Amino acid sequence: MSEIENRVAEAATPPADNVPLPPPPPSPPRDEGPRMSALETLSGIFFEPGRTFEALRARPRVLVAALVMTFFTLLYTVVLLQKVPYEEMVRESVMNSPATAEMSQEQKDQAIEMRSKPIFKYISYLSPLIGMAIYVALGGALYLLGSLAAGKGISYPQAASVWTYSSLPPLVLVMIANIIIAFLRPPDPSQAEQAMRGMVKANPSAFIDGAANPVLATAVGSIDLFAIIGLVLASIGLRKVARMSSGSAWAVVLAFFLLGLVFKIAAAAILKTPMA
């Protein structure tokens, strides 16, 4: 082939950079779910939990619901400490606690003086803030672990959304009932420390002497109407958000519920006070 023919052939061949590439494969459709604002999710979890969890799958939310739960918990703490003088509550707690039964009167007086300091009262007010932050963070981690164990990959914000929003309705209802009871019938100072964990008893532990049988009261107290509502909502949340079967969702929910119950019973046995 002559030099002229070679040049003509090279000119006729298009450069490699101009070769058209095949179109990229279509991306899978994004699971958008229903669009709900933060306020709509707060109301929807009470009336449309399935639709609300579908929305939380696409757009997980935790902060607003956690703040609402913190607000009601803190409000109940403030009301209770206003109705029952803090110093009297501390005195009754130290004098009647099984944990201080072996102390001398001088040791009890020192414990009362120490716990009556303003710093401990401020801690009582701040404890709902710290406790709720730990509760939400730990609960999200547990449901994430449970979802992975069930072979379902979800993100931590999604898992925390299920935990937080399944806890919201029962906690808000309980705290509203507690606040009403604290206004109408404040507890005696001797019962105030137990009342800090709630005055509403939607379980059979109301018929058991918690001081005499703290472990039994804790175990029976787990059969609670509001706790059952939370478990039902959590199973719905895992089915919608993690796309689990009903059986897998209930297995995860009940496994962590029973684990928490074991820790409560152990604490009741050690502290000799009911945890329900």
Side-chain angles (χ1 to χ4, degrees), residues 28 30-34 36 38 41-42 44-46 48-70 73 128 130-174 197-198 202-203 218-268 275-276:
R30 185 179 176 184
D31 186 7
E32 290 291 343
M36 300 178 71
T41 57
L42 291 178
I45 195 62
F46 286 88
E48 298 179 291
R51 181 170 180 267
T52 302
F53 281 120
E54 288 283 0
L56 291 172
R57 173 180 168 81
R59 285 168 290 278
R61 290 189 174 97
V62 174
L63 181 60
V64 176
L67 290 177
V68 170
M69 292 194 295
T70 303
T73 305
I130 301 171
M132 190 59 66
I134 297 173
Y135 175 80
V136 171
L138 179 60
L142 291 176
Y143 274 5
L144 176 62
L145 180 62
S147 299
L148 294 176
K152 302 295 183 180
I154 62 174
S155 65
Y156 177 78
Q158 288 175 320
S161 299
V162 174
W163 178 273
T164 306
Y165 274 84
S166 63
S167 302
L168 176 65
L171 185 142
V172 169
L173 294 175
V174 166
R197 289 191 287 270
N203 56 70
T218 301
V220 173
S222 65
I223 310 172
D224 186 88
L225 174 62
F226 295 104
I228 293 173
I229 293 173
L231 296 177
V232 172
L233 289 174
S235 68
I236 295 173
L238 289 176
R239 284 195 291 113
K240 297 294 184 178
V241 175
R243 295 292 191 256
M244 289 186 188
S245 65
S246 179
S248 296
W250 273 109
V252 171
V253 170
L254 292 178
F256 289 121
F257 171 75
L258 294 175
L259 180 63
L261 179 58
V262 169
F263 279 105
K264 285 184 178 181
I265 291 176
M275 294 290 110

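Because only heavy atoms are used, hydrogens play no part in the values below, and waters and symmetry mates are left out as well, while side chains stay in. Given the structure is predicted, the values throughout are model-derived calculations rather than measurements.
Of the candidates N203, L173, L231, L173 is the only one forming a side-chain contact (heavy atoms from CB on, under 4.5 Å) with F226.
Of the charged side-chain nitrogens involved, at least one lies within less than 4.0 Å of a carboxylate oxygen, so that R243 and E54 count as a salt-bridged pair.
The line from CG of L259 to CG of L142 is 7.5 Å long, rounded to the nearest 0.5 Å. Between atom OG1 of residue T164 and atom CG of residue L63 there is a gap of 10.0 Å, rounded to the nearest 0.5 Å. To the nearest 0.5 Å, atoms CG (L168) and CG (L233) are separated by 9.0 Å. K240 contributes atom NZ, which lies 12.0 Å from atom CZ of R51 (distance to the nearest 0.5 angstrom). Distance CZ/R239 to OG/S245: 9.5 Å, rounded to 0.5 Å. Within the model, atoms OG1 of T218 and CD1 of I265 stand 7.0 Å from one another, a figure rounded to the nearest 0.5 Å.
Relative ring orientation between Y135 and W163 is described as tilted, the plane-to-plane angle lying within the 30° to 60° band.
Proximity of V253 to L238: side-chain heavy atoms (C-beta onward) are separated by under 4.5 Å at one or more points. L171 has its side chain within reach of M132: a pair of non-hydrogen atoms, C-beta onward, lies under 4.5 Å apart. V162 is not listed as a side-chain neighbour of L56, based on a closest heavy-atom distance of 4.5 Å or more.
Using a distance-only test at 3.5 Å, with no hydrogens or angles considered, no donor-acceptor pair links the side chain of S248 to the main chain of M244. At distances below 3.5 Å, not a single donor-acceptor pair connects side-chain atoms of S147 with backbone N or O atoms of A242.
Taking each heavy atom of P157 and V62 in turn, the nearest pair found is O-CG2, 4.1 Å. Closest of all the heavy-atom pairs between P60 and Q158 is CG-CG, 3.6 Å. Annotation for L261 and S222: closest pair CD1-CB, 3.6 Å, computed over non-hydrogen atoms. Contact record, A234 with Y143: CB-OH, 3.3 Å, taken as the closest heavy-atom pair. Nearest heavy atoms, F53 versus S161: CE2-O, 4.3 Å. Across all their heavy atoms, P169 and I45 have their closest contact at CG-CG2, 3.9 Å.
T52 and Y165 share no donor-acceptor pair across their side chains, judged by distance under 3.5 Å alone. Looking only at atom types and distance, the side chain of T70 has no donor-acceptor partner in the side chain of T73 under 3.5 Å away.
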